[in-house]
Amino acid sequence: MQKPSLPEGTRDFGPEQARKRAWIFDTIRSVFVKFGFQPLETPAMENLSTLTGKYGDEGDQLLFKILNNGDFLKDADPELLAAKNSAKLLPQISKRGLRYDLTVPFARFVVMNRQTLTFPFKRYQIQPVWRADRPQKGRYREFFQCDADVIGSDSLLYEAELTQIYDEAFAKLGIPVVILINNRKILFGIAEAAGIADRFMDMTVAIDKLHKISPDGVRQELARKDIPADSIEKVMKILANPSLEALRPLFANSETGLKGIAELERVFHLLGKTPLKNEIRFDITLARGLTYYTGCIFEVANKRIGMGSIGGGGRYADLTGVFGMPGLSGVGISFGADRIYDVLDRLNLFPENLNESVPVLFVAFDEATHEYAFECVSRVRVAGLAAELYPEPGKLKKQFEYAAKRNVPYVVIVGETEMASGMLTVKNQISGEQRNMTVEELIGFLSK
RNA sequence: GAGAUUGUAGCUCAGCUGGUUAGAGCGCUGGUUUGUGGCACCAGAGGUCGGGGGUUCGAACCCCCUCAUUCUCCCCA
């Protein structure tokens, strides 16, 4: 007999976990829908050509590839095979891969359906993605992403609305958060002001680590990238600056930097016209590693416990360009569902009633009462309520233990007396109190 | 890709410098209580000590290989 096991970095979600996760997804989805986003689902697998080259060299390595069906070595180049040249052999033996995120499939979908879509196109998508990463704390090889993106508009209204979505969703989930906002153009302004515009990405990647490593660590990181010492000090000096206002004079010679300031001011202006439940903060050190962001960028941090970011996103100028449809600006956000789960779990913030499976369980003593109970259960279900009947009549002890383990709040006892009178015995499992009532009364009782 | 960690019952773990029939708690099954669960008591089932090889009179424990886990770095959610 073989021991059952799970592939590295994957997990099962048992009933309780699955219910909690469904609650998270439903909560987030309801906010997406409220802001007019439409659902989209794409296949788990994409053509490898769609995926490769979109996430950098590292990303390509982390793609799960799917072996071709049939005799997949038949058409493989014998020389490559003999040389064990995996990299060059790959396209000959694998045509498909599992999706790595939801953004690239979304871009592919938009380009393929450009004739029928109405722009701006707002979609949300809640599906699993796969990465052949080394699993560790809070990181899995299969995990869910909850994305909302708008494509086909460069209006800053959407930056404001997506911030509102974060605000409302986390308020509904009961997690107090800080929503951090920055703008890639401001980061570019820093690079220009420090005279290292050509090293923009190196600088960004280093700044992104500021939260993890000390300012000195960032200095070392920058120095390692051969950035001149005086430029490094200029960068660090600007980073120490917390407000948009004070930034403006420093960006006198950076048109892009000034534009970034103006964009953020516009977003904050719009947000000022609506009540928000969480703190929204400009954070000049927020960088985000992904290269395709070009404007505003977001990140959500929970206030209670340290645990990476639980959401992030930003504006990208040209996501569909690689698929031959340039000039479409988009902006999107993502919720880290798995980490949100961990935060809710650690802080005990899940709603109480989530682990109740059914509101009522029927129990009976013998064949005759069991059949009568079956009729009663059916009538409760016809009324639209969930109900369950224990499969065998007999010992109440066993049936009550089952009810307790399933967290059923009410148990209906059906015996000869009940069957004769039509008055069921209904026991409240929490208080222990018992009452007699007809099926109709039970339905009314459970409905409120 | 690099480094570390752990692997003993369904679960969480104990097992002293290698020594005879491998333990506990929880869970499970049955009973005390065949019209009432959570508590208590009693009894019981359940393990080729991740797998393979080696050292030894003797290995859960020491050595080698292998598989798997968890964590850190890189990168990211």
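Remember, predicted model here, so these are calculated numbers, not experimental data.
- Taking the centre and axis of the six-membered ring of A:Tyr55, the NZ or CZ atom of A:Arg131 falls outside the cone set by 45° and 6.0 Å.
- To the nearest whole angstrom, the two P atoms, one in B:A43 and one in B:U17, are 33 Å apart.
- Using a 4.0 Å heavy-atom cutoff across all strands shown, A:Phe335 reaches no nucleic acid atom at all.
- For the P atoms, the distance from B:G10 to B:U6 is 23 Å, rounded to whole Å.
- Counting to the nearest Å, the C1' atom of B:C73 and the CG atom of A:Leu62 are 14 Å from each other.
- For A:Lys427, the side-chain atoms get nearest to B:U36 when compared with the rest of B:A77, B:U36, B:G35.
- One atom, CZ of A:Arg435, and another, C1' of B:U36, lie 18 Å apart when rounded to the nearest Å.
- Out of B:U72, B:G37, B:U69, the shortest distance to the side chain of A:Gln429 is found at B:G37.
- A donor and an acceptor atom never sit less than 3.5 Å apart when one is taken from the side chain of A:Arg139 and the other from the base of B:C71.
- With C1' as the reference atom, B:C39 and B:C26 are 15 Å apart, rounded to whole Å.
- The P atoms of B:A4 and B:A14 are separated by 23 Å, rounded to the nearest whole Å.
- Only the C1' atoms considered, B:A24 is 23 Å distant from B:G18, to the nearest whole Å.
- If you find the closest nucleotide of RNA chain B to A:Thr10 and to A:Gly394, the one lying nearer the 5' end belongs to A:Gly394.
- In this structure, CZ of A:Arg141 is placed 17 Å from P of B:A77, rounded to the nearest angstrom.
- To the nearest whole angstrom, the two P atoms, one in B:C73 and one in B:C61, are 33 Å apart.
- In this structure, A:Glu299 reaches neither bases nor backbone, as no heavy-atom distance under 4.0 Å exists between it and the strands shown.
- Under the 3.5 Å distance criterion, the side-chain polar atoms of A:Glu41 are left unmatched by any main-chain donor or acceptor of A:Gln127.
- Side chain of A:Asn113 to backbone of A:Phe109: a donor-acceptor contact under 3.5 angstrom is found.
- Less than 6.0 angstrom separates the ring centroid of A:Tyr390 from the ring centroid of A:Tyr402.
- Taking atom P on both B:U8 and B:G15, the two are 14 Å apart, rounded to the nearest angstrom.
- The residue A:Asp101 sits apart from the nucleic acid: no heavy atom pair falls under 4.0 Å.
- Taking atom CZ of A:Phe143 as the reference point, atom P of B:A77 lies 7 Å away to the nearest angstrom.
- Nearest to the side chain of A:Lys137, among B:G37, B:G1, B:C71, sits B:C71.
- The same atom, C1', is picked in B:A2 and in B:C74; the two are 9 Å apart, to the nearest Å.
- The nucleotide whose nearest atom lies closest to any side-chain atom of A:Ala404 is, among B:G35, B:A77, B:G37, B:G37.
- Computed from coordinates, the A:Lys397 NZ to B:U36 P distance equals 10 Å when rounded to whole Å.
- In this model, no side-chain donor or acceptor of A:Gln434 finds a partner on the base of B:G35 within 3.5 Å.
- Per the geometry, OH belonging to A:Tyr292 stands 11 Å off C1' belonging to B:C76, to the nearest Å.
- For the salt bridge (charged side-chain N to carboxylate O under 4.0 Å, His left out) test with A:Asp338, the passing option among A:Arg139, A:Lys137, A:Arg21 is A:Arg21; the others fail.
- With hydrogens and angles disregarded, no donor-acceptor distance shorter than 3.5 Å links the side chain of A:His370 to the backbone of A:Leu389.
- Checked against B:U32, B:C75, B:G35, the side chain of A:Val205 finds its nearest nucleotide in B:C75.
- The interatomic distance linking A:Tyr390 (OH) with B:G37 (C1') rounds to 12 Å, in whole Å.
- Ion pair A:Arg379/A:Glu375 not flagged as a salt bridge, since none of the NZ, NE, NH1 or NH2 atoms sits closer than 4.0 Å to an Asp/Glu carboxylate oxygen.
- RNA chain B is contacted by both A:Thr425 and A:Glu8; A:Thr425 maps to the nucleotide lying nearer its 5′ end (nearest heavy atom per residue).
- For the pair A:Gln136 and B:U72, the criterion of a side-chain N or O lying under 4.0 Å from OP1 or OP2 is met.
- Listed nucleotides B:G30, B:G35, B:U32 differ in distance to A:Lys395; the shortest reach to its side chain belongs to B:G30.
- Remark: A:Lys398 is not in phosphate contact with B:G31, judged by side-chain N or O atoms under 4.0 Å from OP1 or OP2.
- Contact check on A:Arg406 versus A:Glu388 returns a salt bridge, with a Lys/Arg side-chain nitrogen under 4.0 Å from an Asp/Glu carboxylate oxygen.
- The six-membered or imidazole ring of A:Phe25 lies away from that of A:Phe335, with a centre-to-centre distance of 6.0 Å or more.
- Between the CD atom of A:Glu418 and the C1' atom of B:U36 there is a distance of 11 Å, rounded to whole Å.
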Seminar exercise, completed: Intra- and inter-strand pairing of RNA chain B, written as dot-bracket with Watson-Crick and G-U pairs under 3.5 Å and | for the latter, reads ((((.((..((((.....[...)))).(((((.......))))).....(((((..]....))))))).))))....
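- Taking a cutoff of 4.0 Å between a charged side-chain nitrogen and a carboxylate oxygen, A:Glu392 and A:Lys398 do not qualify as a salt bridge.
- The nucleotide whose nearest atom lies closest to any side-chain atom of A:Arg131 is, among B:U36, B:G1, B:C76, B:C76.
- No engagement by A:Ser334 is indicated, since no non-hydrogen atom pair under 4.0 Å with the nucleic acid exists.
- OP1 or OP2 of B:C28 lies within a sub-4.0 Å distance of a side-chain N or O belonging to A:Lys405.
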